[in-house]
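We name chains A, B, ... by the order of the sequence lines, and we start the count at 1 in each one. Any value given below was found using the heavy atoms of this structure, including those in side chains, with hydrogens, waters and symmetry copies removed.
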Number of protein chains: 2
Amino acid sequence: MLTSAKTDLIKVLADPMRLQIVQLLAVETLCTTHLVEMTGAKQTNLSNHLKVLRDAGVVETEPCGRFKYYRLCPDVLESVAESFAELAATARANADNKRAC
Amino acid sequence: MLTSAKTDLIKVLADPMRLQIVQLLAVETLCTTHLVEMTGAKQTNLSNHLKVLRDAGVVETEPCGRFKYYRLCPDVLESVAESFAELAATARANADNKRAC
DNA sequence: GGCTGACGTCAGCATGGGCTGATGCTCACA
DNA sequence: TGTGAGCATCAGCCCATGCTGACGTCAGCC
């Protein structure tokens, strides 16, 4: 179900930079230095986006010495995918419903 | 695939009011008057959101005399759902990939 | 212990986008 | 043809949010 609370999660994913981060992390677990190189963004900016993703539960961190690895949480993405799929299915099922004016 | 162009579509859906509109339209085709009643929003505000949804291809309109019906396009929602599902599947498949620092 | 690199936090700035009121357009109906 | 309802557009305001620079913290290496 797509509750209003999920708009916050969708909003987190509705940013080009954050979506790029998520796509990169879907392929392999990376640390901030890698992400800085691959995205070309400033470290501060990236750190802010990563904080947003962390707070939303989209990624989780794993300290490793001086470095910090970021790993993607597939469950969150799957829940979003299921919500939209369910919405599309509902729309298809009720395609002929039309309320009279 | 989640191209950068899709962030615009996701951004359109990342608004509580617009998501509410989409959920209502998933159940039945409605015209603006109904949506004004059901959401409690002003007509002007709703018209703005509907324009955004129209431009994004999420809904399509059907004139009916003085009224205008809004119908949901399930294809767009399905494409978003598939993109996120694919991303989640990729993340699961590459869960053990970790780039050395 | 001093230094450097990795990373986070904070304050400030600027842009984007949502909300509103005013206005205009079009259709239906008397 | 005049009127009112349904709907869109526009300009303006204001708040949320993304970007940046400066600074602080922690770990590892000399």
Atom [atom1] of [X] to atom [atom2] of [N]: distance rounded to whole Å?
X	N	atom1	atom2	result
A:Asp15	D:dC19	CG	P	6 Å
B:Asp55	D:dT9	CG	C1'	13 Å
B:Leu30	D:dG6	CG	P	15 Å
B:Leu50	D:dA8	CG	P	7 Å
A:Asp8	D:dT17	CG	C1'	13 Å
B:Ile21	C:dG18	CD1	P	11 Å
A:Asn48	C:dG8	CG	C1'	9 Å
A:Leu46	C:dA6	CG	P	14 Å

For the CD atom of B:Glu86 and the CD atom of B:Glu82, what is their distance to the nearest 0.5 Å? 8.5 Å

How many angstroms lie between CE in A:Met38 and CD1 in A:Ile21, if you round to the nearest 0.5 Å? 11.0 Å

Residue mapping more 5' on DNA chain D - nearest nucleotide basis, A:Met17 or A:Gln43: A:Met17

Proximal nucleotide (of C:dC7, D:dC7, C:dT9) relative to the A:Cys31 side chain: C:dC7

What's the closest nucleotide to the side chain of B:Lys11 if the choices are C:dG8, C:dC19, C:dG17? C:dG17

Quick one, [X] and [Y] - any side-chain contact, counting heavy atoms below 4.5 Å?
X	Y	value
A:Val80	A:Leu9	yes
A:Ile10	A:Phe84	yes
B:Lys68	B:Cys31	no
A:Thr90	B:Leu72	no
A:Thr32	A:Tyr70	yes
B:Lys42	B:Leu46	no

Any side-chain N or O of [X] less than 4.0 Å from the OP1 or OP2 oxygen of [N]?
X	N	result
A:Thr44	D:dG21	no
A:Lys42	D:dC19	no
A:His49	D:dT17	no

Classify A:Thr33 by what it touches in the nucleic acid, base, sugar-phosphate, or nothing, heavy-atom distance under 4.0 Å. sugar-phosphate

Need one value for A:Ser47: base, sugar-phosphate or nothing, where a base atom within 4.0 Å counts as base even if backbone is also close, heavy atoms only. base

So that I can tick it off, tell me whether A:Asp96 and B:Arg71 are bridged by a salt bridge, with the cut-off set at under 4.0 angstrom between side-chain N and carboxylate O. no

Let's see if you get this right: which residues in residues 62-70 of chain B place a heavy atom under 4.0 Å from DNA chain D? B:Arg66, B:Phe67, B:Lys68, B:Tyr70

Bend angle of the helix from C:dG1-D:dC30 to C:dA30-D:dT1 from five-pair axes at both ends, rounded to 10°? 20°

Determine whether the side chains of B:Arg18 and B:His49 contain a donor N or O and an acceptor N or O closer than 3.5 Å. yes

